[in-house]
Amino acid sequence: MNDVVTVEPTTGGLAALAGIAARRDAPPVFVKALAEPPSDDVFLAEADGLAALREIGGAPTPDVLLANRDLLVLSVLAPRPHSETFWEQLAHLLARLHTSTVHPRFGWHRDNWLGRRRQVNTWHDDGFAFFAQHRLLRWLDQPRVEAALDRADRSALERLCHRLPELLPDRPACLTHGDLWAQNIMATADGRPALIDPAVSYMWAEVDLAHVWTTSPPPEASRFFATYAELTSLDSDWRSRMPIIQLRQHLAVLAQFDDDWGAGDLIRATLAPFRRRPGP
């Protein structure tokens, strides 16, 4: 694209540099880059995830105009409106995504990326083992996690993983966005919800629900959770599971950013019941 006139930086993302590029003879585009790409496939995997959400899950996503090692260029979406109606529409979108894509196995046909860290998606028949190995324990050897969690914390996480079949219901896999915080929810030109920046895999639907629940959704999202629960026949105990499921995202944040926005404290609070108490 040789007709770019200016690039206006955007805010909100944590791992990449991004902006809206104004063009001389064409509509503006959203451009995303990494100063030091951790791999050649980061943006190719993201483009693949956007296509999956759109083509398999029926979710609106931006059009991918270019994806290579250095750049991801997308069509421009609109900011998310501040309305309850929008969030109710999002509940319908997410429920449709999750209920229409049930899959017999956990994983994805390729690894992809959560921020600057590879998300391993090796196929597995057991959701508990997959979640423990590839979504929780995989973070323990990261330097920032090793510095923040002591030996008792790490042992507590291992005990929690061993007890996952007792702590969580046995749910099927479905297509999940994988990084569904508020900044990754935008709108189409006509105001419908649209999704960006995925880390897709076939996983438990509650991975997406937990991310929305625990990342300070705005007040107008109050009907989102009730609507989603009605559409998916979600049981009344779902809130109690959110801290355990969201451990994956908190560990990812702790591993990648100097300012962990309280992730370390949240991890330790969730692990507290699984720490061994000293004997008499």
Checklist entry - Who are the side chain to side chain contact (heavy atoms under 4.5 Å, CB included) partners of Asp40, not counting sequence neighbours? => result Arg69
Next on the checklist: Suppose we screen for ring-ring contact (aromatic ring centres under 6.0 Å, His included). Which residues come up paired with His98, at least two apart in sequence or across chains?
Outcome noted: Tyr228
Next on the checklist: Taking Arg105's backbone N and O only, do any of them form a donor-acceptor pair with Asp125's side chain (distance below 3.5 Å, no angle check)?
Outcome noted: no
Item to check | Closest heavy-atom pair and its distance - Pro217, Trp213 | outcome: CD-O, 3.9 Å
Item to check | N/O donor-acceptor pair under 3.5 Å between Thr176 side chain and Ser201 backbone | outcome: yes
Checklist entry - If you group Ile, Leu, Val, Met, Phe, Trp and Tyr whenever their side-chain heavy atoms sit less than 4.5 Å apart, what else falls in with Ile196? => result Leu77, Met186
Checklist entry - Does Leu231 share a hydrophobic cluster with Trp238, counting links as ILVMFWY side-chain heavy atoms below 4.5 Å and allowing steps through other members? => result no
Checklist entry - According to a 4.5 Å side-chain heavy-atom criterion applied to Ile, Leu, Val, Met, Phe, Trp and Tyr, with indirect links allowed, do Ile267 and Met242 form part of one hydrophobic cluster? => result yes
Checklist entry - Considering residues at least two apart in sequence or located in another chain, which fulfil the side chain to side chain contact (heavy atoms under 4.5 Å, CB included) criterion with Ala132? => result Cys161, Leu164
Item to check | From Arg239 atom CZ to Leu209 atom CG, the distance as rounded to the nearest 0.5 Å | outcome: 9.0 Å
Item to check | Heavy-atom check, side chain of Leu254 versus side chain of Gln142, under 4.5 Å | outcome: no
Item to check | side-chain hydrogen bond (donor to acceptor under 3.5 Å, both in side chains) between Arg96 and Ser100, worked out | outcome: CA-CA 6 Å; Arg96 183 174 64 250; Ser100 67; over 6 Å; no
Checklist entry - What's the spacing between Asp41 CG and Asn68 CG if we round to 0.5 Å? => result 12.5 Å
Next on the checklist: Determine whether Glu206 and Leu168 satisfy the following criterion, side chain to side chain contact (heavy atoms under 4.5 Å, CB included), listing intermediate values before the conclusion.
Outcome noted: CA-CA 10 Å; Glu206 289 180 23; Leu168 302 176; 5.7 Å; no
Checklist entry - So, for Leu234 and Arg171, which heavy atoms are closest and what is the spacing to 0.1 Å? => result CD1-NH2, 4.4 Å
Checklist entry - Does Thr270 reach the side chain of His250, with side-chain heavy atoms less than 4.5 Å apart? => result no
Next on the checklist: Applying side chain to side chain contact (heavy atoms under 4.5 Å, CB included), can you list everything that pairs with Thr61, at least two apart in sequence or on another chain?
Outcome noted: Leu50, Leu53, Arg54
Taking only distance into account, with no hydrogens and no angle test, what donor-acceptor pairs under 3.5 Å do side-chain atoms of residues 144-152 form with protein atoms, sequence neighbours excluded?
unit_1: Arg144; atom_1: NE; unit_2: Asp258; atom_2: OD1; d: 3.0
unit_1: Arg144; atom_1: NH1; unit_2: Gln256; atom_2: O; d: 3.3
unit_1: Arg144; atom_1: NH2; unit_2: Asp258; atom_2: OD1; d: 2.8
unit_1: Asp150; atom_1: OD1; unit_2: Ala152; atom_2: N; d: 3.1
unit_1: Asp150; atom_1: OD1; unit_2: Asp153; atom_2: N; d: 2.7

Item to check | NE2 (His162) with more than 12 external heavy atoms under 6.0 Å | outcome: no
Checklist entry - Where do His211 and Asn184 land on the side-chain hydrogen bond (donor to acceptor under 3.5 Å, both in side chains) test, with the steps shown first? => result CA-CA 11 Å; His211 207 21; Asn184 289 339; over 6 Å; no
Next on the checklist: What verdict does the side chain to side chain contact (heavy atoms under 4.5 Å, CB included) test give for Arg223 and Glu230, after you've listed the backbone C-alpha separation in whole Å, the side-chain angles of each residue and the deciding distance to 0.1 Å?
Outcome noted: CA-CA 11 Å; Arg223 278 290 302 159; Glu230 292 167 6; 3.8 Å; yes
Next on the checklist: Determine whether Val212 and Leu90 satisfy the following criterion, side chain to side chain contact (heavy atoms under 4.5 Å, CB included), listing intermediate values before the conclusion.
Outcome noted: CA-CA 11 Å; Val212 182; Leu90 179 64; 5.7 Å; no
Item to check | Residue pair Leu266 / Gln246, side-chain heavy-atom distance below 4.5 Å | outcome: no
Checklist entry - ring-ring contact (aromatic ring centres under 6.0 Å, His included) with Trp139: which residues, sequence neighbours excluded? => result none
Checklist entry - Taking all atoms of both residues into account, what is the closest heavy-atom pair of Leu175 and Thr101, and its distance? => result N-OG1, 2.9 Å
Checklist entry - Are Phe86 and Leu94 in one and the same hydrophobic cluster, where Ile, Leu, Val, Met, Phe, Trp and Tyr link if side-chain heavy atoms are under 4.5 Å apart? => result yes
Item to check | Qualifying side-chain hydrogen bond (donor to acceptor under 3.5 Å, both in side chains) pairs, either residue in residues 70-92, two or more places apart | outcome: His82-Glu220
Item to check | Pairs where residues 110-130 contributes a residue and the test ring pair (Phe, Tyr, Trp, His ring centres under 6.0 Å) is met, not counting sequence neighbours | outcome: His103-Trp123, Phe128-Trp204, Phe130-His134
Checklist entry - Hey, is the main chain of Asp179 close enough, under 3.5 Å, to the side chain of Asp208 for a donor-acceptor pair? => result no
Next on the checklist: For Ile245 versus Val207, what's the shortest heavy-atom pair and its separation?
Outcome noted: CG2-CA, 3.8 Å
Item to check | From CG (Leu251) to CZ (Arg135), nearest 0.5 Å | outcome: 12.5 Å
Checklist entry - Atom CZ in Arg163, atom CD in Glu158: separation rounded to 0.5 Å? => result 14.5 Å
Item to check | Cluster link Ile56 to Met203, ILVMFWY, side chain under 4.5 Å | outcome: yes
Item to check | Closest heavy-atom pair and its distance - Leu136, Leu157 | outcome: O-CD2, 4.2 Å
Next on the checklist: Hydrophobic clusters here meaning ILVMFWY residues chained together by side-chain heavy-atom distances under 4.5 Å, can you tell me if Trp108 and Phe43 are in one?
Outcome noted: no
Next on the checklist: Tell me the closest heavy-atom pair linking Ile20 and Pro28, and the distance in Å.
Outcome noted: CG2-CB, 3.9 Å
Next on the checklist: I need the Asp63 CG to Leu74 CG distance, nearest 0.5 Å.
Outcome noted: 8.5 Å
Next on the checklist: Checking Arg241 against Asp235 for the side chain to side chain contact (heavy atoms under 4.5 Å, CB included) test, could you report, in this order, the C-alpha distance in whole Å, the side-chain angles of both residues, the deciding distance, and whether it holds?
Outcome noted: CA-CA 11 Å; Arg241 300 191 289 271; Asp235 65 275; 2.9 Å; yes
Checklist entry - Could you give all pairs that pass the side-chain hydrogen bond (donor to acceptor under 3.5 Å, both in side chains) test and reach residues 185-196, with sequence neighbours left out? => result Thr188-Asp190, Asp190-Arg192
Item to check | Non-hydrogen side-chain atoms of Ser155 and Arg276 separated by less than 4.5 Å | outcome: no
Next on the checklist: I need the Thr122 OG1 to Gln133 CD distance, nearest 0.5 Å.
Outcome noted: 7.5 Å
Checklist entry - Can you name the salt bridge (Lys or Arg N to Asp or Glu O under 4.0 Å) partners of Glu36, sequence neighbours left out? => result none
Item to check | Residues forming a side chain to side chain contact (heavy atoms under 4.5 Å, CB included) with Ala67, sequence neighbours excluded | outcome: Leu44, Ala47, Val64, Leu72
